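What follows is one structure encoded as structure tokens, with my remarks underneath.
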Amino acid sequence: MKTDVCIIGAGPAGLLLGHLLKAEGVDCVVIERRSPDYVLSRIRAGVLENITVDLMERIGLDRRLKAEGLVHDGFNLADGERLIRIDIAGLTGQQVYVYGQTEVTRDLMDACEERGLETIYEVEDTALHDIESDAPYVTFDKGGQQQRIDCRIIVGCDGFHGPSRRAIPASVGKEYMLEYPFGWLGILADVPPCNHELIYANHERGFALASMRSETRSRYYVDVPLTDKADDWSDERIWDELAIRLGPDAAANITRGPSIEKSIAPLRSFVFAPMRHGSLMLCGDSAHIVPPTGAKGLNLAASDVHYAAEALTRFFKASDNDAISGYSDKALSRVWKSERFSWSLTNLMHRFPGGGDFERAMQVAELDYIANSRAAQTSIAENYVGLPV
Ligand code: RFL
Ligand code: PHB
């Protein structure tokens, strides 16, 4: 098989890029290790920045998002005593959409056939070849048969564990990694949210987040030691813990119900640079991970895809070679700013094992500063809605 761009991974980054390239008339094929149902079963992000909404709009796949997504004008930081509301609409003139990553992926997946975006699911043993040449290719197994896709550019949208990043020689790339000493236990339940806006809480027993997917579906998180297993946490235990950590006002409004999903995700900050080597470009989690505090992961994947689609369109439609060589610096400049925001909000809102009185006093001082400073709230708000691309 031959195409211009071979995209590895049909998560949000891969499918979004595929649709954007198709719309520009750039030929591409997407390959994916899992089945469509498996991809849709992964419960992940819930808050969409403008860049993600804009891209869905640009490819004409924003109908359901606009109809069913919840528009949020603000969110809250709880410090054990009060709710500090960050009025993102008032401070930035922008809003965010609460609409699950699963739904974004479903909308992108459903449009593939109609738009002629070829996506090959359930491939095995994906391998990248000759990425330092102008004629790279990808091999994989499908149904027991080896296949090969020849292309001009490979884009690795294959997440943190995929093969693309690893195809770049160690002598060329640098990894920046920070692992946090806790994970987030997430629970999804068909109950109304306890508050109409998100609440991120820093309580002496640990972090909690009250989020949602709709008026009738809630998503909650608590931080837990990395040694805990999801089975250690009965639904009752999670609801009890949320009621304490989120504070009495939110607790009074919590509706309990059976979990329909429960899992623990480790928290890490990770950046791989450069995000392009030869004929290989990286987008999304294949190149970077943020801790979920601040909801940047999916949105950062979308901004990479924005830069990559622009570069690839200029390359294929206007023979502009500089577009591709400039991709990494452009994308990384925004990546590092999102990394900074996610890292600083994680540090502000979590109790770290071994954290002493000084660290805690710094959190108290910072939360008090935020509560009383419009400048501090504006800084948080403009990062939360997403920095310009
Ligand atoms: P994805 O979504 O991981 O998609 C990568 C796709 O590549 C496929 N793949 C391969 N395909 C072919 N051949 C191979 N050898 C392959 N190896 C892998 C995978 O099957 C998959 O379909 O990456 P992408 O598209 O870059 O999108 C990024 C977002 O998914 C990610 O940033 C966020 O979901 C991060 N994240 C969260 N972000 C938030 O903003 N809020 C959250 O609450 C939140 N929760 C999460 C998360 C990420 C998690 N992971 C990765 C473990 C919870 C979890 C559990
Ligand atoms: C979610 O709804 O899953 C969610 C929301 C905000 C975050 C992280 C996750 O910061």
Side-chain angles (χ1 to χ4, degrees), residues 6-18 30-36 38-49 52 70 72 75 96-102 104-105 108-109 119-128 138-142 154-167 183-188 193 197-200 207 209-214 217-221 230 261 263-268 270 282-305 308 338 341-342 345-346 349 384:
C6 179
I7 300 172
I8 305 178
L15 290 180
L16 198 50
L17 180 63
V30 186
I31 61 169
E32 165 60 47
R33 188 162 74 101
R34 304 289 192 176
S35 68
Y38 185 96
V39 171
L40 290 177
S41 71
R42 295 185 299 219
I43 308 297
R44 293 184 175 174
V47 178
L48 308 185
E49 292 175 9
T52 311
L70 305 174
H72 280 206
F75 69 96
V96 292
Y97 271 84
V98 173
Y99 187 70
Q101 175 168 336
T102 313
V104 173
T105 311
L108 293 165
M109 229 182 228
T119 310
I120 307 170
Y121 284 93
E122 295 180 276
V123 306
E124 290 175 74
D125 297 330
T126 309
L128 295 82
V138 176
T139 55
F140 57 91
D141 264 41
K142 170 76 187 170
I154 301 172
V155 186
C157 297
D158 46 357
F160 183 67
H161 300 288
S164 296
R165 182 180 72 251
R166 292 177 178 87
W184 276 19
L185 168 68
I187 180 178
L188 190 70
E197 291 178 344
L198 273 64
I199 304 175
Y200 295 82
F207 170 82
L209 168 60
S211 180
M212 66 197 75
R213 291 291 176 272
S214 69
R217 181 169 281 189
S218 299
R219 178 78 167 152
Y220 288 99
Y221 298 91
E261 198 267 353
S263 55
I264 297 180
L267 267 65
R268 59 166 76 87
F270 172 80
L282 301 176
C283 287
D285 280 16
S286 71
H288 42 72
I289 298 287
V290 288
T293 336
K296 293 285 149 226
L298 168 63
N299 297 298
L300 209 44
S303 67
D304 290 351
V305 162
S338 290
F341 179 65
S342 307
L345 204 57
T346 302
M349 298 310 292
Y384 200 80

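Throughout, residue positions are numbered sequentially from 1 according to the sequence presented. We count ligands from 1, going down the list as the structure has it; atoms in each ligand are counted the same way. The shown structure was predicted, so the numbers you read here are calculated from the model rather than taken from an experiment.
Near Leu198, meaning under 4.0 Å from one of its heavy atoms, ligand 2 places the atoms 5 (C), 6 (C). Under a 4.0 Å criterion applied to the non-hydrogen atoms of Arg42, ligand 1 contributes the atoms 19 (C), 20 (O), 21 (C), 22 (O). Atom numbering of ligand 1 starts at 1 in the shown order; those under 4.0 Å from a heavy atom of Cys157 are 5 (C), 6 (C), 7 (O). Close contacts between ligand 2 and Val47 involve ligand atoms 5 (C), 6 (C) [criterion: under 4.0 Å to a heavy atom].
When Arg166, Gln101, Arg44, Arg219 are ranked by how near their heavy atoms come to atom 46 (C) of ligand 1, first place goes to Arg44. Among Asp285, Ile8, Val138, Val123, the residue whose heavy atom lies nearest to atom 31 (C) of ligand 1 is Asp285.
Evaluated for a side chain to side chain contact (heavy atoms under 4.5 Å, CB included) with Ser164, the options Val155, Val138, Leu128 yield exactly one hit, Leu128.
Among protein heavy atoms, the minimum distance from atom 6 (C) of ligand 2 is reached at Tyr200 OH, 3.3 Å.
Remark: ligand 2 and Pro292 share an N or O pair separated by less than 3.5 Å (distance only, no angle test). Here's the thing with Tyr221: one of its N/O atoms is less than 3.5 angstrom from an N/O atom of ligand 2. For a threshold of 3.5 Å applied to N or O pairs, the pair formed by Ser211 and ligand 2 contains at least one separation below that value.
Within the structure, ligand 2 has Arg213 among the residues with a heavy atom less than 4.0 angstrom away.
For the pair Arg219 and Glu261, the salt-bridge criterion is met [side-chain N within less than 4.0 Å of a carboxylate O].
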